[in-house]
Amino acid sequence: LKSTGEHLVAMASHEIRTPLNGIIGFTDLLKESELSEEQKQQVSAIQSASYNLMDIISELMEYSKLSAGLEHFEAVNFNFYSLVRDVMYLCNILIMDKDVKLEVDMDTKIPEMLVGDPSKLSQILLNLIGNAIKFVNKGDIHLKIHAKKQNNKDIVLDFAIIDTGIGISENNIEHIFDAFRQAENDTFKKYGCSGLGLNIVKQIIKNLNGNINVSSKLGEGTTFNFELPFVIGVEMLNETEQEKKVTNTNRKDQVKGMQILVFEDNLLNQKLIE
Ligand code: ADP
């Protein structure tokens, strides 16, 4: 452990999330009841502030876990193409209200199955593409992926997230990966961010033996480049069968008539589950 302070933040953040989940859950229930237009807006405001707080707490928790060396990293076999598809699906939802085009350019020589940490890779991509979406009002975002080095056992992938957004000034770019840092002073007010995202991304990439760089021009756009090594994975024969099974089963039918045992010590959440 680096410091008990970081450990404390990680633990406290976890404790704060429990009652916050209760607040979010109850506003969900409240939204389903008879409300006047004004009340609906007020409930939505509580909910959006709660989600914002949840994001900040989650980032704070992850930041302290990473800094204290408590974060867990996996090395599992995963389908790289499905992961990229899922990330793009989520990002396409985020750009629905914007005049922004999202494009992927991927080297098809990359093997389908890789061994690594899929949830951390999704997190890195979602964070960087999410930032690009935040800072581009009109234009393009490109995700380019190619194999930099490859033999029959290992591969190093090079990722680039290129946007035509607001860009970052020369003065600010050198501090861009620092914690609690936003390029422009009004970013928090305008976009409601914590300034931890890029620091978390950098720490994760370092832990996965990769590296990240940025280049940008104010008013023209920004490019984030990162490299990550993977071991080449093995093909799973029954994977499509498993996928079919999961998507075809209706979740409501699955729990019909079942008794469910729930462990929850928080009173607010006990009531919510009921
Ligand atoms: P935040 O949670 O504030 O978004 P980040 O660490 O992800 O924190 O980003 C830090 C700052 O870097 C942002 O507030 C923004 O000023 C700048 N930034 C990050 N990505 C981009 C981008 N694609 N284009 C322009 N500015 C960016």
Side-chain angles (χ1 to χ4, degrees), residues 6 9 13 16-17 20 48-67 71 87-88 90-92 94-95 97-105 119-145 158-208 210-228:
E6 277 150 353
V9 175
S13 306
I16 297 167
R17 287 214 285 198
L20 195 52
S48 118
S50 309
Y51 276 124
N52 209 328
L53 186 57
M54 184 66 98
D55 285 346
I56 294 172
I57 291 166
S58 300
E59 283 197 333
L60 206 55
M61 179 161 142
E62 181 146 30
Y63 168 76
S64 43
K65 270 171 115 182
L66 280 162
S67 308
E71 189 69 1
V87 166
M88 293 318 277
L90 286 174
C91 291
N92 272 308
L94 292 177
I95 57 165
D97 302 327
K98 286 191 147 192
D99 193 6
V100 171
K101 232 173 48 211
L102 193 58
E103 274 170 17
V104 193
D105 175 1
S119 75
K120 292 287 188 290
L121 177 59
S122 305
Q123 191 185 347
I124 296 166
L125 289 171
L126 284 171
N127 203 307
L128 294 176
I129 303 172
N131 268 351
I133 294 171
K134 236 188 302 184
F135 299 110
V136 178
N137 289 319
K138 193 176 174 189
D140 302 324
I141 299 168
H142 283 267
L143 169 64
K144 291 189 179 173
I145 310 171
D158 185 69
F159 299 79
I161 293 100
I162 306 158
D163 73 52
T164 56
I166 61 171
I168 305 162
S169 66
E170 246 176 79
N171 281 345
N172 289 323
I173 207 156
E174 50 188 303
H175 303 291
I176 207 74
F177 292 107
D178 295 355
F180 306 106
R181 215 30 206 247
Q182 266 128 13
E184 314 308 328
N185 281 335
D186 64 347
T187 307
F188 183 82
K189 276 180 260 157
K190 253 203 262 174
Y191 302 95
C193 344
S194 66
L196 280 177
L198 287 178
N199 182 275
I200 290 174
V201 163
K202 189 169 181 155
Q203 291 201 58
I204 291 176
I205 291 175
K206 201 172 146 217
N207 272 288
L208 295 171
N211 60 68
I212 180 164
N213 289 299
V214 58
S215 61
S216 184
K217 211 159 189 195
L218 206 57
E220 286 184 17
T222 306
T223 298
F224 281 92
N225 257 101
F226 69 92
E227 255 178 46
L228 276 183

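Both ligands and their constituent atoms are indexed starting at 1 by order of listing. No hydrogens, no waters, no symmetry mates; every other heavy atom, side chains included, goes into these values.
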Open item on the list: Out of L218, L198, V201, who is nearest to atom 6 (O) of ligand 1 when you count heavy atoms only?
Closed with: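 Looking at heavy atoms only, L198 sits closest to atom 6 (O) of ligand 1.
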
- [ ] For a side chain to side chain contact (heavy atoms under 4.5 Å, CB included) with L143, tell me which candidate from L102, I162, I161 qualifies.
- [x]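 Passing option: I161.
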
- [ ] Take E62 and Q123 through the test side-chain hydrogen bond (donor to acceptor under 3.5 Å, both in side chains) and record every step on the way to the result.
- [x] CA-CA 12 Å; E62 181 146 30; Q123 191 185 347; 2.6 Å; yes

Polar atom proximity, [X] to ligand 1 (N or O, under 3.5 Å):
X	result
G195	yes
N199	no
I168	no

TODO: Give the contacting part of F224 toward ligand 1: side chain, backbone, both or neither, where contact means a heavy-atom distance below 4.0 Å.
DONE: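 It is the side chain that gets close, since no backbone atom is under 4.0 Å.
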
Task: Whether F226 and F159 hold their rings parallel, tilted or perpendicular, with breakpoints at 30° and 60° - done: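 The arrangement is parallel - the two ring planes meet at less than 30°.
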
Open item on the list: Between Q203 and N199, is the side-chain hydrogen bond (donor to acceptor under 3.5 Å, both in side chains) condition met? List the steps.
Closed with: CA-CA 6 Å; Q203 291 201 58; N199 182 275; 2.8 Å; yes

Task: Where M88 and I129 come nearest, the two heavy atoms and their spacing - done: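 That would be SD-CD1, 4.3 Å.
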
